[in-house]
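Accompanying notes for the structure given below.
We use all heavy atoms of the structure for the numbers below, so side chains are in, but hydrogens, waters and symmetry mates are not. In what follows, chains carry the letters A, B, and so on, assigned in the order in which the sequence lines appear, proteins first and then strands, with residues in each chain numbered from 1. From a predicted model like this one, the values you see are computed outputs, not experimental measurements.
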Amino acid sequence: MNYWLVKSEPFKYSWDTFVSLGRDHWDGVRNFQARNNLMAMKENDLVLFYHSNEGKEVVGIAKVVREHYPDPTIQEGSWVVVDLVPEEKLPKTVSLATIKKDPRLSDIALIKQSRLSVMPIKKEEFDIILSLAYA
DNA sequence: GCCAACGTTGGC
DNA sequence: GCCAACGTTGGC
């Protein structure tokens, strides 16, 4: 079991949009590193859903229900998508500021590689974020 | 709205 | 294959 974090601008695609759809493919990834991360996702892996730009906070947890397959929304290129379902909404969102303040999270890719849109999260980091969400 | 970080493109 | 120019992302 692995853990991940994906970013979305809520203006374009928010957690609520995702919940209303119920299940969706995660498309639009056009970065090789992010694509490699998508391709490493396995069914049942858990994914933190982060709102970038507006909000700047982790809002919910999604689950991978289908491993990577070719992006159905484009003809060209070798980009891939995965299918995700909402798993649960966090009772308390965890903001970027909170994450930055926590010394245990200083190595998190969210801070280290701020422009990456799909990134792996260590189990410890995932657990810490959840503990902050349920505090 | 600015700017830093960083990925991509294209000329050489 | 290097590197400058350019575009995009995302925090502030």
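- With sequence neighbours excluded, no residue satisfies side chain to side chain donor-acceptor pair (under 3.5 Å) with A:Ser106.
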Using atom types as modelled, flag every donor-acceptor pair under 3.5 Å from a side chain in residues 54-66 of chain A to any protein atom, sequence neighbours excluded.
| unit_1 | atom_1 | unit_2 | atom_2 | d |
| --- | --- | --- | --- | --- |
| A:Glu57 | OE1 | A:Thr93 | OG1 | 2.9 |

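- Nearest-nucleotide positions on DNA chain C for A:Ala97 and A:Lys12 put A:Lys12 closer to the 5' end.
- Residues meeting the side chain to side chain donor-acceptor pair (under 3.5 Å) test with A:Glu9, sequence neighbours left out: A:Lys12, A:Asn53.
- Partners of A:Ser78 by side chain to side chain donor-acceptor pair (under 3.5 Å), not counting sequence neighbours, listed by chain and number: A:Arg35.
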Self-check item: Contact letters for nucleotides 3-10 of chain B, in which S counts primed atoms plus P, OP1 and OP2 and B counts the base, heavy atoms under 4.0 Å
Solution: --BBSS--
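- Between the P atom of C:dG11 and the CD1 atom of A:Ile108 lies a distance of 13 Å, rounded to the nearest Å.
- Applying the side chain to side chain donor-acceptor pair (under 3.5 Å) rule to A:Glu87 yields no partners; only residues at least two apart in sequence or on another chain are considered.
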